[in-house]
Amino acid sequence: MKYVGLMDCNNFFVSCERLFRPDLQNKPTLVLSSNDGCVVARSQEIKDMGIPMGVPYFKVKDIIKDSKTAVFSSNFSLYRDLSARVYDSLSEQVPTVEQYSIDESFFYLNADSNTDVEREALSIKNKIERQTGIPVSIGVASNKTLAKLASKFAKKDKGVFVLDTEKLQKLALEVPLYDIWGIGINLNKSLQSNNIANVADYLALDVAVVRKLYGVVGERLWLELSGKLINKVCRKKTIKQSITHSRSFNKAIFTKSVIEDALSYHTRMAAEDLRSVNLVATGVKIFIMPSRHGDYVLQGLSANIIFDTPTDDTFAMLDNINKVLNGIYKASVPYKKAGITLFGLIDKSSLQNKLFNNTVDKNILLNTLDNLNKKFGKDFIKIGDRQKSKMWQTKADKLSPAYTTRWSDIPIVSA
DNA sequence: TCTGGGGTCCTAGGACCC
DNA sequence: TCTGGGGTCCTAGGACCC
């Protein structure tokens, strides 16, 4: 019998910060999104205070003022590094692992009729925690949808939960559909209006009706909720479909040259990512947008460029971008965010090298730049972005040290 | 005053063709 | 004056996720 497990790090960003700040154990701790905008990770103490996920920081500043809450800006190099450690630990223990997000992985757990699945999962959990110091929960069921659900119960329980058919039958009447992976605000509204409130209601529908009302997505969901394995766990690292780099500005920007500068910066960063995984892009989308909350919501625009040949060349990308920006930029709009998405990604080695072109020289140049930036910091050599003004740079006032990825920040232990 | 960033997948509808 | 229908492909935008 094949079981699907979901391993989920508890309050992941908070756990990462606490790993190097043991004094924060059991103290209210939270992590902010970039630009210190929203609360994106909360310790149990913060959750108990009723502070919801994703709330803007300025709205809760007053609430946490008296509680001596530790507040951090997002420290992604730290989180990525610890995420890799957790992944490695899990991979050592089970045959097939699919990393789903920075803090979650699906895996197969092989078992025969004699296996104590719960004990097996508990042993995996304990080993990960011992090896990495990051607390995790594990949900186990017959497919991903149910494993996700199981992991929710795992968190409320002892950190491990096996959702079998019997338990599911009991729970189906209690679990609201909004708690199911893949059901968001809109789908939920639509279900509500048809008086379908919980998993049991949904499963009581005929699958053909589900297909008609909620499309293939709804149908797949129905099949998985009824126990079938539709969405397989797959280890192979599929090639990314797109790479995005974008940031909000710390205040509204009207000036075109500043936006150009930001777009150049994002292009450089995204192209560097692209080269680091040996891919080339077919095209790039650039987008500029005002605040999501003001009067200009609909003034955001984007434009696509298709390259002559798929490329990973920062220079070739930059050549096009400013031309396209002219077509979408409006002087009257208070822009709050800009970014680019590289799309149509393909393996660089599968790209036929044209004879008599100069890509070899370019490759050497770009690789050298990448290596220098890797060694001396990401802004050591800039292409395109002048960064004369810091107008569009983001805020990260409460950043913790790069404990695991920068020599000067490595903690020193003294006895 | 202050509201993240990076993804995937699906679908409706336009463009185009015969 | 009168101007089809059906198929495919593509893309922008929606929905959802962490």
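Just the heavy atoms: all of them, side chains too, but no hydrogens, waters or symmetry mates, feed the values below. Worth saying up front: this structure is predicted, and the values here are computed from it rather than measured. Chain A is the first sequence line, chain B the second, and so forth, proteins listed ahead of strands; every chain is numbered from 1.
Atom P of nucleotide B:dC10 and atom CG of A:Leu221 are separated by 13 Å, given to the nearest angstrom. Nucleotide B:dT8 holds its P atom 5 Å from the CD atom of A:Gln241, rounded to whole Å. Distance A:Ile306 CD1 to C:dC9 C1': 14 Å, rounded to the nearest Å. The interatomic distance linking A:Asn250 (CG) with B:dG5 (P) rounds to 11 Å, in whole Å. The interatomic distance linking A:Lys285 (NZ) with C:dC10 (C1') rounds to 13 Å, in whole Å. The NZ atom of A:Lys337 sits 12 Å away from the P atom of B:dT3 (whole-angstrom rounding). Protein atom NZ of A:Lys61 is 11 Å distant from nucleotide atom P of B:dT3, rounded to whole Å. The distance between atom CD of A:Glu104 and atom P of C:dC18, rounded to the nearest whole Å, is 6 Å.
One P atom belongs to C:dC18, the other to B:dT3, and the distance between them is 24 Å to the nearest Å.
Nearest nucleotide to the side chain of A:Arg220, out of C:dA12, B:dT3, B:dC10: B:dC10. Out of C:dC18, B:dG5, C:dC16, the shortest distance to the side chain of A:Leu187 is found at C:dC16. Looking at the side chain of A:Lys240, the nearest of the listed nucleotides B:dT8, C:dC17, B:dC2 is B:dT8. Taking every side-chain heavy atom of A:Asn304 into account, C:dA12 is the closest of B:dT3, B:dG7, C:dA12. Side-chain proximity of A:Tyr100 to C:dC18, C:dC16, B:dG7: nearest is C:dC18. Checked against B:dG5, B:dT3, C:dC18, the side chain of A:His293 finds its nearest nucleotide in B:dT3. In the set B:dG5, B:dT3, C:dC18, B:dT3 carries the atom at the smallest distance from any side-chain atom of A:Lys336. In this structure, of B:dG7, C:dC18, B:dT3, it is B:dT3 that holds the atom nearest to the side chain of A:Pro56. Considering only side-chain atoms of A:Ser242, the nucleotide from B:dT11, B:dT3, B:dG7 that sits closest is B:dG7. Residue A:Val216 has its side chain nearest to B:dC10 when only B:dG5, B:dC10, C:dA15 are considered.
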Report task. Using the salt bridge (Lys or Arg N to Asp or Glu O under 4.0 Å) rule, take A:Lys158 and A:Glu118 through it: C-alpha gap first, then chi angles, then the decisive distance, then the call. Result -> CA-CA 11 Å; A:Lys158 54 198 162 194; A:Glu118 186 178 304; 2.8 Å; yes
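Under a cutoff of 6.0 Å and an axis angle of 45°, A:Lys167 and A:Phe161 form a cation-pi pair.
In this structure B:dC18 sits in a base pair with C:dG5, meeting the Watson-Crick or G-U test at under 3.5 Å.
Both A:Asp273 and A:Ser291 sit near DNA chain B, but only A:Ser291 has its closest nucleotide nearer the 5' end.
Note: A:Phe76 and A:Phe13 have perpendicular aromatic rings, judged against thresholds of 30 and 60 degrees for the angle between ring planes.
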